[in-house]
There are 12 protein chains.
Amino acid sequence: MTVVKSPLPEPARQVTHDALQSTLVDLLGLSLIGKQAHWNVVGPRFRSVHLQLDELVAAARGYADTVAERAAALGLPPDGRPETIASAFTLPGPKDGWLRDEEAVRVIAETLGTAIARLRERIAATEEPDPVTQDLLIGITAELEKQRWMFEAENISG
Amino acid sequence: MTVVKSPLPEPARQVTHDALQSTLVDLLGLSLIGKQAHWNVVGPRFRSVHLQLDELVAAARGYADTVAERAAALGLPPDGRPETIASAFTLPGPKDGWLRDEEAVRVIAETLGTAIARLRERIAATEEPDPVTQDLLIGITAELEKQRWMFEAENISG
Amino acid sequence: MTVVKSPLPEPARQVTHDALQSTLVDLLGLSLIGKQAHWNVVGPRFRSVHLQLDELVAAARGYADTVAERAAALGLPPDGRPETIASAFTLPGPKDGWLRDEEAVRVIAETLGTAIARLRERIAATEEPDPVTQDLLIGITAELEKQRWMFEAENISG
Amino acid sequence: MTVVKSPLPEPARQVTHDALQSTLVDLLGLSLIGKQAHWNVVGPRFRSVHLQLDELVAAARGYADTVAERAAALGLPPDGRPETIASAFTLPGPKDGWLRDEEAVRVIAETLGTAIARLRERIAATEEPDPVTQDLLIGITAELEKQRWMFEAENISG
Amino acid sequence: MTVVKSPLPEPARQVTHDALQSTLVDLLGLSLIGKQAHWNVVGPRFRSVHLQLDELVAAARGYADTVAERAAALGLPPDGRPETIASAFTLPGPKDGWLRDEEAVRVIAETLGTAIARLRERIAATEEPDPVTQDLLIGITAELEKQRWMFEAENISG
Amino acid sequence: MTVVKSPLPEPARQVTHDALQSTLVDLLGLSLIGKQAHWNVVGPRFRSVHLQLDELVAAARGYADTVAERAAALGLPPDGRPETIASAFTLPGPKDGWLRDEEAVRVIAETLGTAIARLRERIAATEEPDPVTQDLLIGITAELEKQRWMFEAENISG
Amino acid sequence: MTVVKSPLPEPARQVTHDALQSTLVDLLGLSLIGKQAHWNVVGPRFRSVHLQLDELVAAARGYADTVAERAAALGLPPDGRPETIASAFTLPGPKDGWLRDEEAVRVIAETLGTAIARLRERIAATEEPDPVTQDLLIGITAELEKQRWMFEAENISG
Amino acid sequence: MTVVKSPLPEPARQVTHDALQSTLVDLLGLSLIGKQAHWNVVGPRFRSVHLQLDELVAAARGYADTVAERAAALGLPPDGRPETIASAFTLPGPKDGWLRDEEAVRVIAETLGTAIARLRERIAATEEPDPVTQDLLIGITAELEKQRWMFEAENISG
Amino acid sequence: MTVVKSPLPEPARQVTHDALQSTLVDLLGLSLIGKQAHWNVVGPRFRSVHLQLDELVAAARGYADTVAERAAALGLPPDGRPETIASAFTLPGPKDGWLRDEEAVRVIAETLGTAIARLRERIAATEEPDPVTQDLLIGITAELEKQRWMFEAENISG
Amino acid sequence: MTVVKSPLPEPARQVTHDALQSTLVDLLGLSLIGKQAHWNVVGPRFRSVHLQLDELVAAARGYADTVAERAAALGLPPDGRPETIASAFTLPGPKDGWLRDEEAVRVIAETLGTAIARLRERIAATEEPDPVTQDLLIGITAELEKQRWMFEAENISG
Amino acid sequence: MTVVKSPLPEPARQVTHDALQSTLVDLLGLSLIGKQAHWNVVGPRFRSVHLQLDELVAAARGYADTVAERAAALGLPPDGRPETIASAFTLPGPKDGWLRDEEAVRVIAETLGTAIARLRERIAATEEPDPVTQDLLIGITAELEKQRWMFEAENISG
Amino acid sequence: MTVVKSPLPEPARQVTHDALQSTLVDLLGLSLIGKQAHWNVVGPRFRSVHLQLDELVAAARGYADTVAERAAALGLPPDGRPETIASAFTLPGPKDGWLRDEEAVRVIAETLGTAIARLRERIAATEEPDPVTQDLLIGITAELEKQRWMFEAENISG
């Protein structure tokens with residue numbers, strides 16, 4: 001069922017679709033991982049990391065919404081169902097159970113690093129097909145790189 | 001690793017853990033399903049359903065947080081990772097792609113009906129082991145029953 | 001016309017319906033009585049009682065809404081029409097015309113006392129059929145008992 | 001008991017009293033009718049009508065307060081007790097039970113039409129006796145006419 | 001120096017000027033009297049009267065501003081200097097020193113009664129010359145009559 | 001297509017329609033003119049005039065909305081399309097390009113003067129047919145006269 | 001009169017001027033069209049479409065302001081006068097009189113589609129001459145494409 | 001002096017009184033202890049613990065108020081005077097002087113553990129006598145258990 | 001009638017009374033003068049001076065309240081009645097009628113200069129008798145000196 | 001353990017410590033006394049006194065925090081533990097049980113009078129050793145003297 | 001010490017570092033210059049320029065923060081120390097002492113012009129190495145060009 | 001150019017000028033140093049110290065503004081230009097590059113200690129010449145001493 005007309009011609013549309021759909025899965029998964037660490041973190045830095053993770057979750061959720069609605073605006077129905085995340089999400093995440101604070105910080109910094117590398121590829125890929133989508137991906141990258149710095153800076157051991 | 005001491009004795013603890021962990025999975029899944037429908041709904045009632053679904057998602061997210069933190073407060077690390085949702089979430093949900101408004105309303109009302117039936121079982125199960133957890137589940141049920149009514153009332157055809 | 005499906009089985013449904021419908025009538029009547037006194041009170045304590053009554057009205061209106069929507073959520077259409085209040089409302093209230101401040105305080109305290117006694121019966125009656133409704137009635141009772149104390153405390157003569 | 005002195009001479013006072021007291025009854029009844037429809041409406045437009053009715057109720061309550069306090073300011077104790085509404089309220093309203101959305105919109109538009117016609121008579125009647133009261137009635141009419149338009153515009157069938 | 005052109009022809013302009021200038025003096029004087037009572041009131045009702053008087057002052061100041069700017073808008077420079085109030089203000093006011101609460105309420109109610117009577121004359125006088133100014137005076141009268149009722153209602157002795 | 005029933009009988013309806021439709025065109029045109037000057041003003045008073053013009057635009061837009069919705073409420077579909085403004089708008093406005101501050105102030109004061117004169121005619125014309133519409137026109141006139149005074153006061157040269 | 005110095009060299013300046021001036025006219029016209037539909041829409045979806053159109057108008061007005069001020073910042077006086085819109089605005093719009101809801105949604109979606117196609121041409125044209133202006137046009141396109149999706153999604157018939 | 005009538009019969013009243021009065025003393029003492037630690041904490045986690053303690057104090061103060069007013073609403077005058085706290089408060093607390101951060105966290109977690117155990121006994125004791133009071137104690141327990149988890153999670157050493 | 005006990009012994013009390021009463025008269029007069037200029041200012045700087053004067057009036061009114069309540073707190077009934085201001089206020093002020101902007105700025109700067117000189121004498125006079133009053137006078141002086149600078153800075157001619 | 005370095009030399013430090021520690025105890029005790037009266041007051045002025053006492057408690061709590069943090073800033077660990085208040089607090093306070101309104105007002109006014117007398121001694125004592133602390137004590141005195149006036153003014157019998 | 005890993009490869013990193021570090025120095029210096037003019041400006045336009053400069057300072061400070069944190073996010077420690085600004089800041093600025101309003105406006109417009117020219121070079125330089133940084137520089141340029149226009153427009157002499 | 005008249009006689013003026021100008025330089029330098037540490041801090045306490053430093057910067061910036069405007073109010077043009085800070089700022093600060101958290105805390109505590117010692121000298125110096133300025137310096141000292149305590153308390157090693 002083709003429902004919403006797309007302002008993009010075909011090849012551009014497919015490239016943009018891939019970039020947005022894979023970003024959506026990364027961001028939804030990131031929001032689940034962030035909450036998992038938010039709830040299970042323990043250690044002397046509990047409160048600080050607990051609060052910091054909620055800011056990451058808020059950013060991930062906000063951008064997931066923008067990305068999904070961007071896809072819809074291009075006539076591309078986004079897919080963020082539990083089964084899709086289950087099969088398509090591949091970023092590293094925390095293990096089950098309580099999580100030491102330095103481990104939480106380390107794993108989130110690593111996850112963000114991987115997510116950022118993928119976003120930079122998608123920025124390059126969408127420049128020609130759709131500069132509007134590229135601009136959105138640039139904005140997400142700026143925010144995630146800022147958050148990654150904060151987790152990295154926090155994980156410098158004495 | 002037993003990290004946070006529990007104010008509950010053992011058998012009560014296990015029953016409460018089951019009730020909270022399964023409620024957490026239901027609520028996280030519900031928040032993903034709600035967003036999926038929020039993005040993909042089409043039809044004359046698009047705007048109304050689109051907005052209504054976001055209120056459902058906000059409620060589901062807020063309660064998921066409270067439920068997970070309640071588990072942690074009882075010394076029970078909650079599990080809301082993507083892979084856990086993938087394997088444990090069993091409520092019905094929308095299919096892939098654009099979703100007609102009446103179908104969106106119908107599937108959400110059905111999902112809520114199933115979730116509510118499970119919550120009422122957990123209310124009964126936690127009365128003795130932990131009235132504090134029971135009180136939380138009662139509050140969630142009240143909200144989801146209100147939301148279900150609104151989706152049902154909206155789905156009466158002419 | 002059965003429109004909204006009920007999560008409650010039949011006998012429980014009838015008991016809960018009675019509790020909610022009679023509470024709705026009490027609260028709507030209370031909001032009218034409270035406004036009547038709010039407008040007609042005179043005497044040295046005019047301003048204080050005038051303002052206090054508006055807080056009572058706000059509470060009564062808010063709970064009336066919650067109670068009516070709880071009934072709807074259970075598949076029970078609530079009835080708050082003028083003619084229903086006219087025939088079903090039986091709490092004591094102020095007479096016509098200007099109302100001395102101590103008389104206003106006395107009659108409201110008496111009305112609240114009667115309303116609370118009825119609510120406590122409904123709390124007992126709904127415990128088994130629907131703990132979610134019981135929890136709502138407990139919350140209303142707590143608020144009305146607090147308001148009753150304030151009117152009683154204010155009516156101690158020198 | 002004559003308590004609050006009136007700034008109006010006698011014949012003007014009686015005309016104004018009649019205009020304000022009957023407007024008060026109309027507005028209080030309207031707020032009850034509006035809530036009744038707010039709770040019992042069903043159909044595809046449920047959410048839209050549900051929200052719209054709450055704006056009507058808020059307007060009716062706010063103006064009822066202003067009208068009653070205007071009466072008091074003129075030395076005329078207003079009467080908004082349940083029994084007064086029961087005997088004096090004559091605007092059409094919804095029947096008991098669930099209410100189809102187009103029926104809810106139709107009955108409210110009709111009620112507003114009747115209320116407006118009466119208000120326009122009172123505007124004419126109070127011009128000489130009390131231009132201050134007339135100005136208040138003009139303001140109420142402007143708001144109710146705006147709300148009536150919205151309900152009417154919504155009820156145009158395809 | 002004629003500086004701001006007036007949208008009113010000459011005779012209308014003079015009548016309107018008189019109405020606005022004398023209302024300005026009444027309102028400025030009222031704001032000073034209200035503050036004087038606000039500071040000097042004593043007695044069991046101190047707090048209630050103290051707060052009520054500040055609402056009167058806020059209303060008087062707000063309307064003084066509107067009245068003066070209305071005069072300016074008509075090309076009529078308003079005069080609210082201390083010496084003008086000293087010579088032109090004639091409403092009754094409190095004496096020097098501490099002021100018993102019932103005396104404060106009584107004197108303010110009396111002052112408002114006098115101010116209202118003058119405003120009603122000006123409403124009649126400005127109907128033909130400038131309905132815009134009349135509408136403003138009607139609004140001020142409505143507010144002062146409401147405030148007068150509250151002071152009167154409060155001064156009913158037991 | 002007669003869609004929304006009118007609370008006004010026929011001759012009154014036509015007079016009121018003319019008053020509202022021509023006021024709508026004046027206000028929409030005024031909002032465009034105000035923005036044009038807001039963007040193109042230059043000179044030492046740039047910032048002050050730039051900000052002042054935005055307040056005028058906000059007022060014009062707000063009143064245009066109220067006027068158009070008042071027409072709709074009377075069953076009279078308002079017309080604010082670009083082509084209607086193009087053919088019906090006749091108030092003076094600024095020329096193309098940069099605009100010196102004193103020239104901006106002068107032309108806006110002149111435009112407001114013309115608009116006010118027309119509004120005063122419509123106030124007289126609508127008194128009998130519809131006092132509710134008249135009251136709205138009085139309110140608009142009060143605001144525009146206040147704004148005109150401010151522009152005039154600002155344009156007095158040294 | 002060259003007043004504000006431009007940070008752009010000549011050929012770049014002309015291209016950027018054309019892009020901004022034509023975008024300004026489109027946005028101002030769009031805001032007028034949006035309001036016209038906002039006031040004249042009728043049908044079962046009245047309230048939903050009425051509110052949605054106001055969000056479109058708010059976006060169009062906000063971007064018109066940004067675009068005009070961007071032109072000024074480049075030393076290019078923007079032109080948004082009624083006569084300019086009359087002669088330069090060419091997007092499709094609604095006809096005179098009441099407007100059925102599905103027709104309102106259809107015409108706005110079509111208008112937005114045309115506006116977006118023009119914006120995408122201007123994004124390409126300004127990339128070299130002024131990336132700052134291009135970035136602004138990208139932001140406008142993202143918003144209008146999102147709004148177009150919502151109108152399109154709403155217009156899918158059963 | 002029996003002043004405020006109680007809605008509870010006698011034996012229920014005494015049990016409820018004991019539960020509320022002892023909870024009041026625990027909460028007031030907790031608020032003093034929390035502030036003491038808030039002011040005297042030192043160490044690398046100073047800022048984090050300093051802020052966290054203020055959230056505990058805010059919760060303790062808020063619940064103390066609710067508990068005391070609940071007692072008053074039941075006709076039971078609450079006692080929170082310094083001398084009562086001095087003689088009746090028995091929860092463990094910090095020693096005099098500067099307090100190392102891990103010691104502050106440890107002592108507060110221990111205090112909360114003791115307070116929670118007592119609250120759970122009172123929840124059991126008040127179930128029959130007064131479910132309204134029980135509901136309040138359940139709410140307090142949920143909050144204190146959440147706060148205890150956060151302090152415990154923070155005190156896990158490396 | 002000595003009503004409120006004073007925390008000050010007699011000679012200190014008299015000195016403090018004089019300082020506060022004369023400051024009160026200065027501030028009330030200043031607020032009247034500031035409004036007079038606010039309404040009557042004309043000239044190219046109209047808007048800027050008009051707004052600036054309202055900030056002065058707000059400061060003067062706020063401090064007048066604090067000063068009068070400080071007097072009351074010391075058992076000294078403050079006197080701010082119209083007749084007192086008429087006889088005791090001696091600061092320079094604007095003449096009747098329209099007021100050129102530079103003249104408005106000049107006269108206010110001069111008035112503030114005189115008021116400040118008097119305040120500095122009272123700061124010296126109250127140091128021993130009542131450092132609490134002195135601290136209040138210091139705060140007023142800081143604010144008035146800041147405002148005077150702004151008016152002075154604005155009055156430098158080209 | 002000397003932890004935080006002090007900016008004060010030794011003798012000054014001891015005087016300042018005594019002033020701050022005794023003020024802390026007075027303020028904490030005052031906040032407990034204020035709440036006790038807030039909960040137990042009865043009589044016609046209940047509502048007014050109930051609200052007024054909460055403002056006193058808010059002020060006392062806020063200043064207690066500032067005073068304790070000032071001590072810490074000077075390297076002096078503050079002591080606000082329950083046992084310290086029990087042994088060091090000596091201001092008069094209300095007896096156990098319900099408290100008549102005039103008695104509540106009387107005892108609080110007396111308590112404030114005693115607290116103020118002590119504060120004035122500490123203002124004198126800290127002038128030389130630490131003007132920063134003196135300035136804080138002056139601010140507290142100003143507030144408490146204002147509150148005392150209000151309670152005194154309220155306690156004037158008829 | 002390499003602490004925070006960079007998502008950029010080496011040559012790109014150096015170019016981006018230079019662009020960000022020099023922009024940081026420009027913005028910090030601009031915020032100091034803006035405040036200097038804000039405090040020292042005199043002349044008839046004092047208030048207008050004084051306020052406008054604070055908006056420039058707020059923008060400069062906000063962007064300085066974003067730029068510095070962007071550098072940190074790229075693993076490049078930013079340098080904004082006083083000595084760095086002293087040696088590296090080269091934009092023109094105001095001289096010492098009072099500053100005539102037209103001189104303040106002129107010097108700030110000139111400073112902004114220079115800063116903008118440099119920013120446009122950095123936009124070109126960072127397009128390939130890091131589009132995320134380029135996007136940030138584009139945003140800063142848009143804001144500074146808007147502010148420059150306003151200062152330029154304000155400085156057109158009569 | 002002497003522009004703003006000073007309320008202070010000559011010798012007092014010079015002393016006050018020195019105190020204010022040197023405080024201005026200290027505060028502006030402090031705000032730069034605080035931001036430098038805010039951006040470059042790394043280590044486990046990163047987030048806590050990062051946020052705490054921003055509160056210091058906000059305080060320093062706010063006081064710098066007040067101090068500079070106080071100088072202007074005394075007719076003394078303040079000097080906060082980059083070159084002035086470069087030559088006059090002498091407080092210790094962080095070195096270039098990443099900064100370990102304990103080092104950041106240590107250097108800021110040291111800087112604050114030095115700044116406070118200088119402020120206390122200026123408090124003594126300004127007591128006679130200008131108590132208004134002294135009061136401002138006292139307020140700054142109170143705030144900086146509070147901040148210094150927090151950094152010191154945080155730097156106690158285990």
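Given the structure is predicted, the values throughout are model-derived calculations rather than measurements. Atoms considered below: every heavy atom in the structure, side chains included; atoms not considered: hydrogens, waters and symmetry mates. Lettering follows sequence order; numbering is per chain, from 1.
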Please evaluate residues R61(E) and K35(I) with respect to the criterion side-chain contact (heavy atoms from CB on, under 4.5 Å), reporting the C-alpha separation (whole Å), side-chain torsions for both, the decisive distance (0.1 Å), and the verdict.
CA-CA 10 Å; R61(E) 284 177 174 173; K35(I) 271 291 179 192; over 6 Å; no

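- Only the side chain of N40(I) comes within contact range of chain E, with heavy atoms under 4.5 Å apart.
- Per-residue counts of heavy-atom pairs under 4.5 Å with chain I were compared for A71(E), S31(E), A64(E), P78(E); the largest is that of P78(E).
- Residues A72(I) and W39(E) share a closest heavy-atom pair of CB-O, 4.1 Å.
- For chain E, the nearby part of L24(I) is the side chain; its heavy atoms alone come within less than 4.5 Å.
- Interface check for chain I: of the options A37(E), P82(E), P77(E), the most heavy-atom pairs under 4.5 Å are formed by P77(E).
- Within residues 124-134 of chain E, no residue has a heavy atom under 4.5 Å from a heavy atom of chain I.
- The contact between L32(E) and chain I is made by backbone and side chain atoms together, counting heavy-atom distances below 4.5 Å.
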What do the steps show when you test E69(E) against H38(I) for side-chain contact (heavy atoms from CB on, under 4.5 Å), and what is the final call?
CA-CA 9 Å; E69(E) 297 194 353; H38(I) 169 80; 3.3 Å; yes

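- Contact of L28(E) with chain I is made through the side chain alone, with heavy-atom distances under 4.5 Å.
- Between atom CD1 of residue I33(E) and atom CD of residue E83(I) there is a gap of 7.5 Å, rounded to the nearest 0.5 Å.
- Most heavy-atom pairs under 4.5 Å with chain I: of the set L76(E), I85(E), D96(E), this distinction falls to D96(E).
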